[in-house]
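Everything on this sheet refers to the single structure shown next.
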Amino acid sequence: MVADGQRPAGRPLRAAQDEAGVPPGVWKGRGLAAVGLKAGDVVTERQAELILGEGRHPDADRMERELLAQGKSQAQARRATVLGRPIEHNRSPETDKAKKRTPWLGIDLTFRPPPTAHVAWALGDDETRRVLELCQDIARDRTLTWFEDVVAEIRWGSGGKHRRPVRDGLIVAVFRHYESRAAESKPLLHDHAVVSIRARRPDGTWGNLSADSLMTHIVAADTLYTLSFMEEVSARLGWAWEPREVTPGRRPVMEIAGIDQRFIGWQSIRRQQIEDALPVLTAKYEEKHGHAPGERAAYALACQAADQTRLPKRTELRSLTELRKRWRTSAIRAYGVDAVERLAERARAAAAAVWARVWPVIDIALAAVDVVAVVYVMRGAFKRHHLLAEARRHLSYVLRGWPHQPGLDDQIVQTVVDDYTRPVGRGLKMTADLRSLYPRDTEDQAVLRPLTRNRTAPPYERARLAAGALAARVNAARRAERLNSRTRPRTVAVPATSRSHPRPFHAGPKAGRLLEPETSVDVETVEQTRRTFEAAAKLAAKLQDGMRERAAVRGPRPQPTAMREPPPHTQQTDSQHTLGRIIGGVE
């Protein structure tokens with residue numbers, strides 16, 4: 001609640017927040033109305049203690065006084081202010097495994113923009129800083145709303161077997177922080193959204209949220225937040241985004257185009273501290289187990305390195321104004337005044353080049369193939385939320401900040417589920433339907449099979465190769481379909497597709513063949529067809545010669561300028577995302 005500042009005993013919360021240089025926390029969520037709070041209200045110390053520390057009503061003190069005045073006992077008055085089951089239940093001797101259960105009342109969701117956004121926020125002017133903070137607010141609130149509408153479930157019964165959507169919404173306390181724990185304070189704009197575990201059931205009683213539902217969708221929520229933040233920044237500042245490969249062969253991250261990549265190293269000191277400590281832990285792991293760590297073990301070692309290098313909280317008090325002055329001085333000393341002063345100008349220039357080749361149109365068929373290929377190679381068996389997270393990554397990579405049509409991510413996922421997956425095992429798991437993605441005994445199979453089995457290359461690198469092979473097949477099938485639909489003599493023979501040839505790509509579950517069935521022809525028909533093709537070829541050559549002569553007379557055509565500002569959101573909502581239609585994309 002006071003960021004990394006110190007709070008001596010007895011000092012009021014608001015005074016400690018002022019000294020730490022952080023704003024007070026605010027309440028968010030639709031569930032506030034059930035406890036008499038409003039969105040945007042300041043989080044007081046007593047409210048946080050009651051809701052997040054004891055699971056009680058934020059106005060429990062007044063309620064207890066009134067109940068005691070009515071003659072209720074102290075225990076009855078306290079029980080009336082508890083939201084759901086008292087935390088004392090977990091410590092009761094009657095509770096199973098009471099000694100192993102610790103009551104918990106909140107989940108901390110951290111919202112952090114990409115590194116280049118921290119750089120622009122810390123080194124830009126005041127107007128840029130305020131716009132980026134507004135983008136942070138909008139993206140964070142949009143993600144919390146998605147949690148409320150789609151993800152949040154209330155549970156009850158033995159083992160939480162009964163689950164329903166929450167009745168009112170969530171109760172969330174949001175705290176904004178400005179810096180990291182690095183030895184030399186560095187900019188790190190981020191929000192801690194502490195979600196109360198208490199929520200109301202459909203019948204109006206209070207219970208606990210299903211924590212596993214929230215944690216299951218945490219990656220999908222992260223991709224939604226990043227996608228929303230990118231779109232808001234592009235719409236309000238005119239900046240574009242580009243992928244940056246942090247680790248070769250691993251999934252790239254999206255950064256603001258045009259911002260010097262050296263600033264990321266200047267800002268991310270904590271990452272460097274973790275990377276310096278990681279080789280020692282990795283060597284110990286290999287010595288103990290006799291092999292290099294896998295993905296899960298590598299992640300656990302990275303967490304261990306982060307814990308070992310975590311620094312104590314600072315004691316020096318600094319305001320945001322003072323922090324920004326220090327960051328600016330440090331950046332100028334490291335990279336020069338020109339790199340800092342022209343940061344926004346270079347971002348706008350780079351955005352113009354990006355907008356010149358990126359269009360706000362998504363091909364749903366290609367997007368679905370890309371998503372299912374990546375998720376299948378990365379995971380094998382997967383669930384819907386895995387597809388949703390990858391669909392949002394696909395949108396952020398292809399659009400580079402252009403706004404997307406609401407619900408497009410769900411539409412891509414539904415296309416994948418309907419056309420390219422099959423159920424596997426028990427529950428809601430599924431896997432890629434390889435018979436729908438590519439036929440047997442074809443070159444596509446020769447490309448994809450080794451990719452799904454090869455363990456030497458990084459999984460994401462294999463996933464991108466598989467997605468590229470499938471996308472090439474989709475485009476080849478479309479070209480064949482376009483050529484096949486051209487007007488030609490009705491009696492020309494076209495052999496039917498046999499088992500030794502690739503099957504056509506199916507855009508839907510009931511798509512027909514791309515080629516016509518075989519018909520009988522005679523010699524006269526073949527000769528007539530030959531003469532028709534020769535006449536068409538001569539006509540095409542004559543037209544090309546005429547075009548060359550006119551071009552020589554008129555001179556070279558003027559080239560369009562590359563400077564183009566992205567239109568606002570209102571100009572993008574009318575674009576139609578039709579299946580199998582491409583009028584844009586990334587070159």
Side-chain angles (χ1 to χ4, degrees), residues 2-5 17-23 110-140 174-192 225-226 228-230 232-234 236-242 244 246 253-274 311 313-314 316-351 401:
V2 294
D4 287 338
Q17 290 171 334
D18 290 337
E19 293 177 353
V22 296
T110 306
F111 295 85
R112 184 177 67 180
T116 45
H118 304 314
V119 174
W121 169 79
L123 304 181
D125 54 22
D126 288 337
E127 179 63 23
T128 301
R129 175 185 63 82
R130 287 191 291 268
V131 170
L132 289 173
E133 290 178 358
L134 176 61
C135 296
Q136 169 78 351
D137 293 337
I138 295 174
R140 179 203 62 220
V174 177
F175 303 94
R176 173 155 293 176
H177 295 176
Y178 294 138
E179 53 185 327
S180 66
R181 279 177 175 253
E184 181 182 355
S185 174
K186 292 299 180 182
L188 188 65
L189 175 67
H190 62 287
D191 293 337
H192 291 274
Y225 159 75
T226 302
S228 301
F229 184 82
M230 291 171 53
E232 292 298 326
V233 170
S234 297
R236 298 176 186 277
L237 293 175
W239 296 349
W241 299 78
E242 60 184 0
R244 177 175 67 95
V246 180
V253 297
M254 301 303 294
E255 302 286 1
I256 299 174
I259 293 185
D260 197 331
Q261 299 292 307
R262 296 176 301 172
F263 284 117
I264 298 177
W266 165 79
Q267 180 263 342
S268 302
I269 292 182
R270 278 290 291 143
R271 175 178 293 275
Q272 187 61 44
Q273 293 172 344
I274 295 172
L311 299 171
K313 295 183 178 181
R314 63 173 175 83
E316 182 183 359
L317 306 179
R318 300 171 186 169
S319 65
L320 178 59
T321 302
E322 182 180 358
L323 286 173
R324 281 167 50 84
K325 289 181 180 179
R326 291 192 176 207
W327 294 333
R328 191 176 184 84
T329 302
S330 173
I332 290 175
R333 187 185 307 115
Y335 305 111
V337 65
D338 182 72
V340 175
E341 293 293 342
R342 299 184 58 192
L343 187 144
E345 177 185 348
R346 289 172 176 170
R348 287 191 295 269

For Glu255, all residues meeting salt bridge (Lys or Arg N to Asp or Glu O under 4.0 Å), sequence neighbours excluded: Arg244
From Ile259 atom CD1 to Thr116 atom OG1, the distance as rounded to the nearest 0.5 Å: 5.0 Å
Chi angles and distances behind the side chain to side chain contact (heavy atoms under 4.5 Å, CB included) call for Glu242, Met254: CA-CA 5 Å; Glu242 60 184 0; Met254 301 303 294; 5.5 Å; no
Which residues share a ring pair (Phe, Tyr, Trp, His ring centres under 6.0 Å) with Trp327, sequence neighbours left out: Trp121
Residue list, side-chain hydrogen bond (donor to acceptor under 3.5 Å, both in side chains) with Arg324, at least two apart or on another chain: Asp126
Spatial distance of atom CG (Leu132) from atom NE2 (His118) [nearest 0.5 Å]: 10.5 Å
Carboxylate-amine/guanidinium proximity below 4.0 Å for Arg130 and Glu127: yes
Shortest non-hydrogen separation from Gly238 to Ala351 and the atoms involved: O-CB, 3.2 Å
Aromatic ring pairing Tyr335/Phe263, orientation class (parallel under 30°, perpendicular over 60°, tilted between): perpendicular
Residues Val2, Phe175; criterion side chain to side chain contact (heavy atoms under 4.5 Å, CB included); working and verdict: CA-CA 9 Å; Val2 294; Phe175 303 94; over 6 Å; no
Close side-chain approach of Leu188 to His177, heavy-atom, < 4.5 Å: no
Pairwise side-chain contact, Cys135 with Met230, heavy-atom cut-off 4.5 Å (strictly under): no
Heavy-atom side-chain contact between Val337 and Val340 under 4.5 Å: no
Under the salt bridge (Lys or Arg N to Asp or Glu O under 4.0 Å) test, residues paired with Asp260 that sit two or more places apart: Arg262
Ser234 side chain to Ala240 backbone, donor-acceptor under 3.5 Å: no
Any residue meeting side-chain hydrogen bond (donor to acceptor under 3.5 Å, both in side chains) with Thr128, in chain and number order, not counting sequence neighbours: Asp125
Check against side chain to side chain contact (heavy atoms under 4.5 Å, CB included), Glu322 and Lys325: CA-CA 5 Å; Glu322 182 180 358; Lys325 289 181 180 179; 5.7 Å; no
Rounded distance [0.5 Å steps], OG in Ser180 versus CG in Leu189: 12.0 Å
Full working for side chain to side chain contact (heavy atoms under 4.5 Å, CB included) between Arg348 and Trp239: CA-CA 6 Å; Arg348 287 191 295 269; Trp239 296 349; 3.7 Å; yes
Close side-chain approach of Arg176 and Asp191, heavy atoms under 4.5 Å: yes
Side chain to side chain, Arg236 and Ile138, heavy atoms closer than 4.5 Å: yes
SB check Glu341 Arg328 (cutoff 4.0 Å): yes
Min side-chain heavy-atom separation Tyr225-Gln136 under 4.5 Å: yes
Pairing residues for Tyr178 by the side-chain hydrogen bond (donor to acceptor under 3.5 Å, both in side chains) criterion, not counting sequence neighbours: none
Separation between CZ of Arg129 and CG of Leu123, rounded to the nearest 0.5 Å: 13.0 Å
Point-to-point distance, once rounded to the nearest 0.5 Å, from OG1 of Thr110 to NE2 of His192: 4.5 Å
Min side-chain heavy-atom separation Thr329-Arg326 under 4.5 Å: no
